[in-house]
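In this text the structure is predicted, and so the values were computed from the model without any measurement.
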Amino acid sequence: MLRKLLLGSVALAVLAGAAFWFLTRPEGIGSSALAAVGSGDATRGERIFWAGGCASCHARPEAEGERLLELSGGLELETAFGTFVAPNISPDPAHGIGEWDENDFVNAMLYGVSPGGEHYYPAFPYPSYARMETQDVLDLFAYLKTLPPVAEETAPHRLSFPYTMRRGIGLWKLIYMQEEPVVELPANAPEAVLRGRYLVEGPGHCGECHTPRSLAGGLQFERWLAGAPALEGEGRVPNITPSGAGIGAWSVADITYYLESGFTPDFDSVGGAMVAVQKNMARLPEEDRAAIAAYLKAVPEVEGE
């Protein structure tokens with residue numbers, strides 16, 4: 001009897017392990033499916049580059065001007081799970097993504113899967129990028145290939161066990177990743193609000209900083225954009241919902257102007273990590289900034305910090 005129980009326990013453990021291995025396997029898009037989309041356009045990709053704030057994490061810290069386009073990486077994000085270091089994403093073949101093809105880039109952006117078939121840590125905000133259109137991702141890749149290669153190697157992430165085990169990220173993805181929009185809008189919502197939702201929830205990945213997280217690091221969608229501890233260390237990222245605790249007193253014009261100029265309706269100026277974000281937003285067309293503002297006025301109000 002004891003032998004049967006032991007064998008049954010071993011069998012269950014094997015089945016559980018096999019189920020975990022199957023459910024957490026890295027999955028991406030196949031090259032045949034990607035071929036149907038078409039090639040990328042670098043001119044359109046530049047717009048996505050600034051909407052996504054790629055330089056904010058992947059340029060050298062404190063870079064300005066043309067050096068923002070030298071994507072050597074190096075920014076460190078201190079989290080409860082360890083320190084994540086933004087990688088080199090310049091077209092350098094040895095240290096960047098110069099050897100990547102379109103399939104590699106799309107799988108990284110939309111599925112969080114590396115060219116080697118491993119899960120990326122979600123410090124890389126692919127849970128937001130998963131809501132992007134594949135064409136926009138291809139356009140972004142086309143633009144990145146026009147930038148200068150930088151032959152600099154970034155430091156590795158500094159993580160402790162069990163966070164060094166990437167396979168478990170597959171389970172995290174099952175729980176927290178979603179391609180559907182966070183905020184459900186009516187079918188007759190204005191085009192500007194729909195465009196703003198796409199920019200904020202997708203390439204702009206605003207929720208990655210402005211939304212609180214669970215203990216496992218997943219976004220708490222019920223408190224979307226309600227503010228959160230700053231990933232860079234001390235302080236908090238503010239509530240940007242249209243509530244009294246957020247930006248309820250700001251008009252669409254106020255928000256649009258803030259994204260362009262960095263000045264609030266109270267004549268204060270942008271500060272902290274938002275300085276780089278605002279500079280990126282200032283490079284977008286006026287209609288994109290207005291669309292972001294329209295969406296932020298349409299999201300559910302959440303009280304709190």
Side-chain angles (χ1 to χ4, degrees), residues 50-57 75 77-81 84 86 122-132 176-178 180-185 193 195-252 254-260 262-265 268-282 284 288-305:
W50 296 115
C54 306
S56 298
C57 284
L75 179 72
L77 294 177
E78 303 283 348
T79 75
F81 309 102
F84 296 95
F124 168 33
Y126 59 79
S128 290
Y129 298 153
R131 302 185 188 97
M132 290 179 63
Y176 293 110
M177 277 190 71
Q178 64 173 54
E180 299 78 17
V182 177
V183 176
E184 186 175 350
L185 296 171
V193 177
R195 172 66 177 170
R197 179 176 68 178
Y198 176 74
L199 290 170
V200 170
E201 297 189 10
H205 62 279
C206 305
E208 300 287 341
C209 287
H210 286 276
T211 302
R213 296 178 180 272
S214 69
L215 291 176
L219 295 182
Q220 298 177 0
F221 293 120
E222 69 278 7
R223 295 190 58 78
W224 180 244
L225 304 181
L231 292 176
E232 291 81 5
E234 299 179 356
R236 286 188 63 85
V237 179
N239 183 329
I240 55 171
T241 71
S243 66
I247 54 174
W250 293 27
S251 67
V252 168
D254 290 335
I255 301 170
T256 304
Y257 182 69
Y258 171 76
L259 295 176
E260 178 185 9
F263 289 102
T264 73
D268 196 2
S269 59
V270 63
M274 189 63 193
V275 171
V277 176
Q278 183 274 316
K279 288 181 179 179
N280 294 330
M281 295 290 106
L284 294 179
D288 280 353
R289 291 191 295 271
I292 291 170
Y295 168 75
L296 291 178
K297 295 296 287 186
V299 303
E301 296 182 17
V302 184
E303 295 299 336
E305 291 187 73

Q: Where is the tightest heavy-atom contact between L259 and Q278, given as atom of each residue plus distance?
A: O-NE2, 3.1 Å
Q: Under 3.5 Å, side chain of R223 to main-chain N/O of P212, donor-acceptor pair present?
A: no
Q: Give a yes or no on whether the backbone of P181 and the side-chain of E201 come within a donor-acceptor separation of less than 3.5 Å.
A: no
Q: Could you report the tightest heavy-atom contact between Y129 and G202, atom names first, then the distance?
A: CD2-O, 3.8 Å
Q: Please find the pair of heavy atoms, one from C57 and one from L75, that lie closest to each other, and give the distance.
A: O-CB, 3.4 Å
Q: Could you report the tightest heavy-atom contact between F84 and A123, atom names first, then the distance?
A: CG-CB, 3.6 Å
Q: Can you check whether T256 reaches E260 side chain to side chain, under 4.5 Å on heavy atoms?
A: no
Q: Enter the distance from I240:CD1 to M274:CE here, rounded to the nearest 0.5 Å.
A: 7.0 Å
Q: Given side chains that start at C-beta, do those of S56 and N280 come closer than 4.5 Å, heavy atoms only?
A: yes
Q: Go through Y258 and I247 one step at a time and tell me if the side-chain contact (heavy atoms from CB on, under 4.5 Å) criterion holds.
A: CA-CA 12 Å; Y258 171 76; I247 54 174; over 6 Å; no
Q: Within the structure provided, determine whether Y126 and M177 are in side-chain contact (heavy-atom separation under 4.5 Å).
A: yes
Q: If you look at every heavy atom in P127 and E208, which pair is closest and at what distance?
A: CB-OE2, 4.0 Å
Q: Under 4.0 Å between a side-chain nitrogen and a carboxylate oxygen: does that hold for E184 and R197?
A: no
Q: I want to check something: taking the side chain as every heavy atom from C-beta on, are V270 and K279 in contact at a cut-off of under 4.5 Å?
A: no
Q: Looking only at heavy atoms, what is the nearest atom pair of E303 and S243, with distance?
A: OE2-CB, 3.4 Å
Q: Decide yes or no for W224 and V302: does some side-chain heavy atom of the first lie under 4.5 Å from some side-chain heavy atom of the second?
A: no
Q: Does any part of the side chain of V299, heavy atoms only, come nearer than 4.5 Å to the side chain of P242, both counted from C-beta?
A: yes
Q: Verify, without hydrogens or angle tests, whether K297 (side chain) and W250 (backbone) share a donor-acceptor contact under 3.5 angstrom.
A: yes
Q: Are the side chains of H205 and H210 in contact, using a 4.5 Å heavy-atom criterion?
A: no
Q: Does any N or O in the side chain of R236 come within less than 3.5 Å of the main-chain N or O of A230, such that one atom is a donor and the other an acceptor?
A: no
Q: State, with a plain yes or no, whether a side-chain heavy atom of P122 is found less than 4.5 Å away from one of Y176.
A: no
Q: Does the R289 side chain pair with the main chain of L284, one donor and one acceptor, at a distance under 3.5 Å?
A: yes
Q: Would you give the length of the straight line joining atom CD1 of I255 to atom OG1 of T264, rounded to the nearest 0.5 angstrom?
A: 12.0 Å
Q: With distance as the sole test, does T241 use its side chain to make a donor-acceptor pair with the main-chain N or O of L225 at under 3.5 Å?
A: no
Q: Would you find more than 12 non-hydrogen atoms of other residues, nucleotides or ligands less than 6.0 Å from F124 atom CZ?
A: yes
Q: State whether the number of non-hydrogen atoms from other residues, nucleotides or ligands found under 6.0 Å of F263 atom CZ is greater than 12.
A: no
